[in-house]
Amino acid sequence: MRRVWLLYTVVVLVGMRIARGAEAEGDPNLCEHGAFHEPTHRGHVVHCMCPQDRPMCVGTACAVGFGGEECVSLSSSCESVVHGYKSDCTDCECTSLTSDTCAVPTSIFVSLSNAEQDGTVLVNFALEGKVCEEGPILHFGSHRLHLDGRVFATKREADLALFGETSIWSAEAFIGHRYNNVTEMFYIVQNGPVVTRVHSTVVPQASETEAPFTIAVVGDMGTSYSAPLVMHALKADASIQALLHPGDISYAFKVPEVNLFFSRFQSLTSRVPYIVALGNHEANNPQVFSAYATRFPTDVLAARSGAESAHWYSADLAGLHLCVIDSQDALDTRSEQHKWLEKDLKQAHARRAGSPKTQSRSTGAQGFSPKTAVRWIAVVLHYPLYSTHRRVSESERRAKELQMQGLRRDLEPLLEQYHVDLVFCGHDHVYERTARVLHAERNPNGPFHLLVGTGGHNIYESWYNLPQYDEFRRAVPGYGKLTTFPNHTMLWEFVEVDISPCVRADLGGDRGCPASKLHSTHGKFIPPTRVIDSTWLS
């Protein structure tokens, strides 16, 4: 018995030592920065434990004090409970309890940074506390054991009254300059002695790829109602290679709430490019707007795409040219935004067609070269041009109709002239897909409109009668997926996230969704999903 006990003790001590050092080797089975997994027989729950010399467990996925989420030391497990679902604490980090400890890089997400060049990645993160003397550093490479790239992060300007001790940083990795045909980048973020685990991300390619490329689309998310369940489903979807969010992102008014949003989403946004548009909940509140403008480096892409405002910008991704605009700002023909949009669409159309005379709606461009960056053109904005969701009050219904009429008046001439293929939007918390449409009529020269305000921040229910140009609509939480193929086709799918037996927001929200009932019904912590709409776009 004594021999067994001694053997057990040796195994535990060796395991702790391995846990402290294996991070440098990128062991995916270990938690970050010294934490280690404890074997468990409780389904998908993983315990993240801290060694005794670093007993304080802080987490990017386990934000202390929110919704039952906590990170604890050796005496208990580290697990996240979000609206009845438990999620693994894959991003827990263990530090000492001293006030001199350098802050752990958190809220990590990847964004596009170059509108015309392949292989450029912008890594963004927050430091909630002390910045070490040398400043944070991004180490990157084409293999988790060979991070030979190194670049110092740049601190972004922030409102000190709003952000306090939280500082926001960005670091640009020109990995395409170092390696040819690289599609995945491995990286760590270092702040003095504190180093994150090894992350990996899709390396954005501007031109059309030789393999299918999938972009998830979801708007109007936040952290309440059924949003955490949609987050879980997105994080579990291994097919996603980029994430497009057309506005109303976190609904957060305070920096800790914004940190919570990014922390919950980090396991996805740290591995795929995260592309955002400005929503009304960002634009209409000074604090929320300040947090948006500081967190998201849209100013980088705006400058590189010739825009004078960070509210609008463009970029190429896998043969798709994205024009991201601000539907809260002026879009009439005299506005700066309209002038920029027309110029950008004209350039994208010329790059796609080679010549305006060779443009073909059915095939995109005759004589298309694989080296040409643009195959399809999409406009991304928050407010919809077409939506059949019926607002509650008469005044709201009238205001919405006038808003849509104004957007159609200002944008549809450009959408038609430059053969825009897709319009992505949110705002209304429903899913709706139209045929190609112009002036509220089916028209082969118009774009498809894809309204995906289904991120989970309460789902709307009321509809107008179905118009002749509408193809599909549902009032369910979920997300869209656009997959581009090398044969120049696009597949669009909408994935419903099953929140049953959760009660819808209009019937009391997730308060009627007890954990025990969910667990007994589903037996797992990733919510069930199903594709309810699928179509080839041509």
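R304 places a side-chain N or O within 3.5 Å of a backbone atom of S113 that can act as its donor or acceptor partner. For E128 (side chain) and V104 (main-chain N/O), no donor-acceptor pair under 3.5 Å exists by modelled atom type. The main-chain N or O of P246 is found under 3.5 Å from a side-chain atom of H382 such that the two form a donor-acceptor pair. Put simply, the side chain of D220 never gets that close to the backbone of D248: no donor and acceptor are under 3.5 Å apart. Distance alone, capped at 3.5 Å, is enough to place a donor-acceptor pair between the Q241 side chain and the T214 backbone. Judged by distance alone, the side chain of S314 and the main-chain N or O of C323 form no donor-acceptor pair under 3.5 Å. Looking at N191, its side chain does come within 3.5 Å of a backbone N or O of C132 through a donor-acceptor pair. Checked by atom type and distance alone, the side chain of T294 pairs as donor or acceptor with a backbone atom of S290 at under 3.5 Å. A donor-acceptor pair is defined here as one N or O able to donate and one able to accept, closer than 3.5 Å; no such pair exists between the side chain of T454 and the backbone of P477.
Using a 4.0 Å cut-off between charged side-chain N and carboxylate O, E134 and R150 make a salt bridge. A salt bridge links R352 to D421: at least one charged side-chain nitrogen sits closer than 4.0 Å to a carboxylate oxygen. Under 4.0 Å is where a charged nitrogen must lie from a carboxylate oxygen, and between E496 and K481 no such pair does.
How far CD1 of I325 is from NE2 of H311: 13.5 Å, rounded to the nearest 0.5 Å. Interatomic distance, CG of D344 versus CD of Q337, reported as 11.5 Å (0.5 Å rounding). Between atom CZ of residue F125 and atom OG of residue S270 there is a gap of 13.5 Å, rounded to the nearest 0.5 Å. We find the CD1-OG1 distance between I275 and T269 to be 12.5 Å, quoted to the nearest 0.5 Å. A distance of 7.5 Å separates NE2 of H245 from CG of L243, quoted to the nearest 0.5 Å. Separation of atoms CG (L422) and NE2 (H449) is listed at 9.5 Å; rounding is to 0.5 Å.
Y418 has its ring centre no less than 6.0 Å from the ring centre of H321. In this structure, F109 has its ring center under 6.0 Å from that of F262. Between F152 and W169, the distance from one ring center to the other does not fall under 6.0 angstrom. Ring-centre distance between Y274 and F296: below the 6.0 Å cut-off. Taking the six-membered ring where the residue is Trp, the centroids of Y251 and F261 are separated by 6.0 Å or more.
Atom CD of E184 has more than 12 neighbouring heavy atoms from other residues, nucleotides or ligands inside a 6.0 Å radius.
A side-chain N or O of D326 and one of Q328 form a donor-acceptor pair less than 3.5 Å apart. Checked by atom type, the side-chain pair S111/N124 shows a donor-acceptor distance below 3.5 Å.
Contact annotation: the side chain of D316 approaches that of R351 to within less than 4.5 Å [non-hydrogen atoms, C-beta and beyond]. In this structure, the side chains of T535 and R433 come closer than 4.5 Å at one or more pairs of heavy atoms. With a 4.5 Å cut-off on side-chain heavy atoms, Y479 and D237 count as touching.
Relative orientation of the H427 and Y383 rings is perpendicular, given thresholds of 30° and 60° on the angle between their planes.
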